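For reference, positions follow the sequence shown, starting with 1. Only this structure's heavy atoms are used, side chains among them; waters, hydrogens and symmetry mates stay out. Model, not experiment: these values are computed from the prediction.
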Amino acid sequence: MISTVISTDAAPGPPRNEPLARRPAARQGPDLFHGGGSDQDFMTWDRLPEGGIRAWTAGKSITVVMPDGGHACWYSNPVNSNTGPRNWETFHIDQLLRWIDANFRTYAEYDGRAVGGFSMGGFGALKYAAKYYGHFASVSAHSGPPSLRRDLSAVAHWANVSSAALDLGGGTIYGEPFDEAMVSADNPMEHIESYRNKRVFMAAGTSPTPVDPFDPLNETEVLAGQREFRAGLDQAGIPHEWHEEPGGHFVRPEMAIRDIDGIIARLRQA
């Protein structure tokens with residue numbers, strides 16, 4: 001594992017990133033960009049008590065990159081920020097991807113990259129896969145919401161509220177009122193055709209715990225959004241893999257391991 005600190009004018013920091021190299025340095029291989037949820041950090045996937053992504057990728061030919069993204073970046077360049085530059089989308093797509101390809105023996109091509117994440121990170125993965133079509137051949141959303149506009153734009157409003165409280169000092173991702181063009185550009189549901197010829201993986205919970213007041217709000221909206229998204233993919237004839245599992249808003253190790261194996265099978269082999 002290598003921990004790096006990269007200087008950038010796109011975001012505060014300098015941001016930290018954890019590339020986990022899982023093959024001999026002399027060999028080229030595919031890479032997976034993996035993002036976390038709201039109020040998590042770049043090491044969240046590595047800290048999971050079930051073993052985490054380090055254990056799940058041990059012995060597999062893939063490099064996992066876990067990028068920093070603030071507490072509530074929503075994988076976007078916000079409409080406004082009161083805490084300085086928070087242009088995480090620019091950092092991830094225009095800077096970090098190039099740095100990884102320049103410093104690791106990756107395949108800098110469509111069939112050499114996957115993107116995935118949990119919760120907000122799952123949304124970011126779906127967004128990046130569609131908005132930057134030629135960058136990623138596989139996309140995974142673990143309890144990630146794919147619809148910004150359903151239920152009176154509940155997810156877009158949550159993006160604004162969470163980012164204002166945790167990262168932007170009262171600024172917002174999408175503006176108030178919304179920058180509608182930006183919402184549409186980011187909304188996976190409005191770009192169904194952009195998932196054609198990609199591997200698409202989704203997982204969501206069906207029984208959020210009532211003990212945590214945020215769990216029913218989170219996973220109920222995620223599940224409804226994923227069902228809507230799946231219907232759109234079905235209508236367009238786009239293959240995808242989906243899972244509805246017991247429980248609420250959390251990473252399911254068995255789903256993560258299944259997903260990683262599917263990613264490696266889809267990408268160009270080392």
Check the pair R113 / D101 against side chain to side chain contact (heavy atoms under 4.5 Å, CB included), numbers first and verdict last.
CA-CA 10 Å; R113 296 195 196 104; D101 288 336; 2.5 Å; yes
May I ask you to test the Y195-P188 pair for a side-chain heavy-atom distance under 4.5 Å?
yes
For P239, which residues count as a side chain to side chain contact (heavy atoms under 4.5 Å, CB included) partner, sequence neighbours excluded?
none
Donor on one side chain, acceptor on other, S76 and K127, under 3.5 Å:
yes
Return yes if some donor-acceptor pair links the side-chain N/O of D111 with the main-chain N/O of R268 below 3.5 Å, else return no.
no
What closest approach, in Å, do I173 and S163 show between heavy atoms, and which atom pair accounts for it?
CG1-OG, 3.3 Å
Listed partners of F214 passing ring-ring contact (aromatic ring centres under 6.0 Å, His included), at least two apart
none
Counting the benzene-type ring for Trp, do H135 and Y110 have ring centres under 6.0 Å apart?
no
In plain terms, say whether R149 and E228 are close enough for a salt bridge, that is, a side-chain N and a carboxylate O under 4.0 Å apart.
no
Could you please spell out the steps behind the side chain to side chain donor-acceptor pair (under 3.5 Å) verdict for R86 and T83?
CA-CA 8 Å; R86 299 277 173 165; T83 55; 3.1 Å; yes
Joint hydrophobic cluster, V64 plus M255, side-chain heavy atoms closer than 4.5 Å
no
Do the non-hydrogen side-chain atoms of I100 and T106 ever get within less than 4.5 Å of each other?
yes
Would a hydrophobic clustering, with Ile, Leu, Val, Met, Phe, Trp and Tyr connected at side-chain separations under 4.5 Å, put V183 with V161?
yes
Rounded to the nearest 0.5 Å, what separates atom CG in L96 from atom CZ in R98?
11.5 Å
For the atom pair CG (D261) and CD1 (I62), what is the distance rounded to the nearest 0.5 Å?
10.0 Å
Run H92 and Y75 through ring pair (Phe, Tyr, Trp, His ring centres under 6.0 Å) and show every step you take.
CA-CA 8 Å; H92 293 152; Y75 299 84; 5.5 Å; yes
Could you go step by step and tell me if W88 and D68 meet the side chain to side chain contact (heavy atoms under 4.5 Å, CB included) rule?
CA-CA 8 Å; W88 292 108; D68 202 351; 4.3 Å; yes
Less than 4.5 Å apart, any side-chain heavy atom of Q269 and any of I264?
yes
Taking all atoms of both residues into account, what is the closest heavy-atom pair of A204 and Q226, and its distance?
CB-OE1, 3.5 Å
Which pair of heavy atoms, one from L233 and one from M202, lies closest together, and at what distance?
CD1-CE, 4.1 Å
Gap separating the OG atom of S194 from the CD1 atom of I238, nearest 0.5 angstrom:
8.5 Å
Begin with the C-alpha distance, continue with both residues' side-chain angles, and end with the deciding distance and a verdict on side chain to side chain contact (heavy atoms under 4.5 Å, CB included) for L148 and Y174.
CA-CA 11 Å; L148 287 176; Y174 294 114; 3.6 Å; yes
Are the side chains of N218 and P208 in touch, meaning some heavy atoms are under 4.5 Å apart?
no
Does F178 have any ring-ring contact (aromatic ring centres under 6.0 Å, His included) partners at least two apart in sequence or in another chain, and if so, which?
H157
Does E244 have any side chain to side chain contact (heavy atoms under 4.5 Å, CB included) partners at least two apart in sequence or in another chain, and if so, which?
T206, L223, R227, R230, W242
Closest non-hydrogen atoms of V115 and A125, given as atom of the first, atom of the second and distance, are CG1-O, 3.6 Å
Non-hydrogen side-chain atoms of H191 and K131 separated by less than 4.5 Å
no
Identify the two heavy atoms, one from G175 and one from N160, that lie closest to each other, and give their separation to 0.1 Å.
O-ND2, 3.1 Å
Please report the interatomic distance OH(Y133) to CZ(R196), rounded to the nearest 0.5 Å.
9.0 Å
Carefully, step by step, assess R199 and D259 under the rule side chain to side chain contact (heavy atoms under 4.5 Å, CB included).
CA-CA 10 Å; R199 173 185 175 272; D259 182 27; 2.9 Å; yes
Strictly distance-based, threshold 3.5 Å: is any side-chain N or O of S81 a donor or acceptor partner for the main-chain N or O of G84?
yes
Assess the pair W74 and F123: is the distance between their ring centroids shorter than 6.0 Å?
yes
Working to the nearest 0.5 angstrom, can you tell me the gap between L32 CG and L267 CG?
8.0 Å
Spatial distance of atom NE2 (H243) from atom CZ (R252) [nearest 0.5 Å]:
11.5 Å
Aromatic ring centroids of H240 and F229 under 6.0 Å?
no
Between D179 (side chain only) and M182 (backbone N and O only), is there a donor and an acceptor less than 3.5 Å apart?
yes
Would you tell me whether D31 and Y107 have side-chain atoms, one donor and one acceptor, within less than 3.5 Å of each other?
no
For a 4.5 angstrom cut-off between non-hydrogen side-chain atoms, does W56 reach I260?
yes
ring-ring contact (aromatic ring centres under 6.0 Å, His included) partners for H249, two or more places apart
F118
Please check if any side-chain donor atom of T209 sits under 3.5 Å from a side-chain acceptor atom of D215, or the reverse.
no
Could you check S207, S143, S119 and say which one makes a side chain to side chain donor-acceptor pair (under 3.5 Å) with E219?
S143
Applied to residues 251-270, the ring pair (Phe, Tyr, Trp, His ring centres under 6.0 Å) test, sequence neighbours excluded, yields none
Going only through I, L, V, M, F, W and Y residues with side-chain contacts under 4.5 Å, is there a path from F33 to W99?
yes
May I ask whether Y132 and M189 are part of the same hydrophobic cluster, defined by side-chain heavy atoms of I, L, V, M, F, W, Y residues being less than 4.5 angstrom apart, directly or through others?
yes
I need the minimum non-hydrogen distance between S140 and I263, along with the two atoms involved.
OG-CD1, 3.9 Å
Determine whether the aromatic ring centres of F201 and H142 lie less than 6.0 Å apart.
yes
